[in-house]
Amino acid sequence: MNENSSPQTDKKTSTVATNGLIFNEPVVFDLGSPGRQAYSLPECDVPEVEIETLLPPDEIRGPIDDFPELGELDVVRHFTRLSQWNFSIDTNFYPLGSCTMKYNPKINENMARLPGFSQHHPYTPEEFSQGSLQVLFDLQECLQEISGMPHVSLQPAAGAQGEFAGMLMIHDYLAAQGNPRKKVLLPDSAHGTNPASSALCGYTAIQIPSNKDGLIDIEKLEQLMDGDTAAIMLTNPNTLGMFEKDILKITDIVHKKGGLVYCDGANLNAVMGIVKMGEMGIDVLHFNLHKTFSTPHGGGGPGAGPVGVQEKLASFLPVPVIEKNGSHYHMNYDRPQSIGKLKIFYGNFGILLRAYAYILTLGPDGIKEAAQSAVLNANYIKSQLKDIYHLPYPGPSLHECVFNDKNQAGSKVTTMDIAKALIDHGFHPPTVYFPLIVKAALMVEPTETESKETLDQFIQAMKVIAEQAKDDPDAVHDTPKRPKVSRPDEAHAARHPRLRWKK
Ligand SMILES: *Cc1c(COP(=O)(O)O)cnc(C)c1O
């Protein structure tokens, strides 16, 4: 591959984004020398005391073998060089399906760093916390308006915790009526956190098969929904990026049998400002603020997973509930039916602040436009690649599109190979092997703010890989060649990380 050709001049390469100056880096334990340090203190002018006379033995750390001793510059350079090995949305296109690698305007980072917020101690009394409480209250109102859910709690720290909070509320609501019931229905395309949250609340997860269009099979739902079923947990748009067009029928079937409807709102980025979940019979909805309303979410967090509910569930919301009495903001802990406290303090405040800044900056029109752009980008990619990669569910889809490796069957090339090959073209691989209803899924979700040029480079890379899969499958199988690490044993690396080089 010619390292210096541009995408315009050489159809063999889609982009040359991997040619940076990247240094080798030893582990920190191999750096430094004894006695080196990042500070120098003035001579001590009080008598020195042995630490053992001040602290109990179990509070004192023992010596660490080969503890690295480094100067400040050594430390800064080591970690800065390591950070340059990272792939991020600030460096390249990151089309990770289902995860929504959100555009994060830098102004939101500035807002979250304002000292009045970032240095506000969480134990500050309520009367001195009015500004921060107002942000929380106003954000709740924004999310209520966007979703059509009349009550919102900002406490859950992630989508998964929002699910857990929502299912607990459903459980306690039904229990208060005399019977919490035993089962929860879940489409077979559901994210793994959905059955996990149901199980944590004591429910047995029952799978509803999808129909040939990738949507919930209504007939099966009618058969399965009974008086022992507490709720359906659906995702809309679902994990194939498809809108459940029979959502009114679905919510009606469940409600008629006394059940509740939980909506996983992880895909709200596709419909925000356009569709109000609260008006479609949804009883509980979680938001993934880090997928919909800003917040960089590489590296696993932190995030925020607020949960919205209908009136009948409001008394079960986690405490504290932020209220406004006249012009005073108040944290109400006196809620006897509440599921209790979920998270230390009041949730991940910095993330909530970023979401608030994002919503205020875009306004109602901007939010709608962001959703439309997300859908447009995904459909552009889908239209350009649909004749090259197999689309198992070719119907209309929104903000993501799910291909697989069926057209490559017969060659040695699999979804995993295609994903790895994309790294050599300078792109983060899409989500692979999810959702589970698609064999060898390759799930592409472009961020709404990507330019046409970037999307075209990605499309070109996918075309180059498809060609190569035909002409020289071994070459695709051998990728990636450009990054420092090619194909690690990922499961082994995650479970047995080698954090230290033995000399
Ligand atoms: C990401 C995701 C979740 C879980 O959200 P977290 O914030 O990662 O806990 C649940 N459902 C779907 C469909 C998702 O994409």
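All heavy atoms count here, side chains included; hydrogens, waters and symmetry mates do not. Every number for a ligand or one of its atoms is a count from 1 in the order of the listing.
By the 3.5 Å distance cut-off applied to N or O atoms, N194 is not counted among the residues near ligand 1. Considering backbone and side-chain atoms together, T235 places no N or O closer than 3.5 Å to any N or O of ligand 1. The shortest N/O to N/O separation between N288 and ligand 1 falls below 3.5 Å. An N or O contact shorter than 3.5 Å links D264 to ligand 1 by distance.
Here H191 and F434 bring their ring centres to under 6.0 angstrom of each other. Ring to ring, H121 and Y123 are close: their centroids are under 6.0 angstrom apart.
Between the side chains of E163 and N194, a donor-acceptor pair is found at a separation under 3.5 Å.
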For D417 and R487: C-alpha separation, side-chain torsions, deciding distance, then whether salt bridge (charged side-chain N to carboxylate O under 4.0 Å, His left out) applies. CA-CA 10 Å; D417 297 324; R487 291 213 192 189; 2.9 Å; yes

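Heavy-atom contacts of A266 reach the following atoms of ligand 1: 2 (C), 11 (N), 12 (C), 13 (C), 14 (C), 15 (O) (cutoff under 4.0 Å). Residue contact check: A160 has heavy atoms under 4.0 Å from atoms 5 (O), 6 (P), 9 (O) of ligand 1. Of all the atoms in ligand 1, the ones that sit under 4.0 Å from a non-hydrogen atom of K291 are 1 (C), 2 (C), 3 (C), 5 (O), 14 (C), 15 (O).
For Q161, the heavy-atom gap to ligand 1 stays at 4.0 angstrom or more.
With respect to atom 6 (P) of ligand 1, the closest heavy atom belonging to the protein is G159 N, 3.5 Å.
With respect to the salt-bridge test (charged N to carboxylate O, under 4.0 angstrom), the residues E323 and R335 qualify.
Taking the six-membered ring for Trp and thresholds of 30 and 60 degrees, F349 and F117 have ring planes inclined between 30 and 60 degrees apart.
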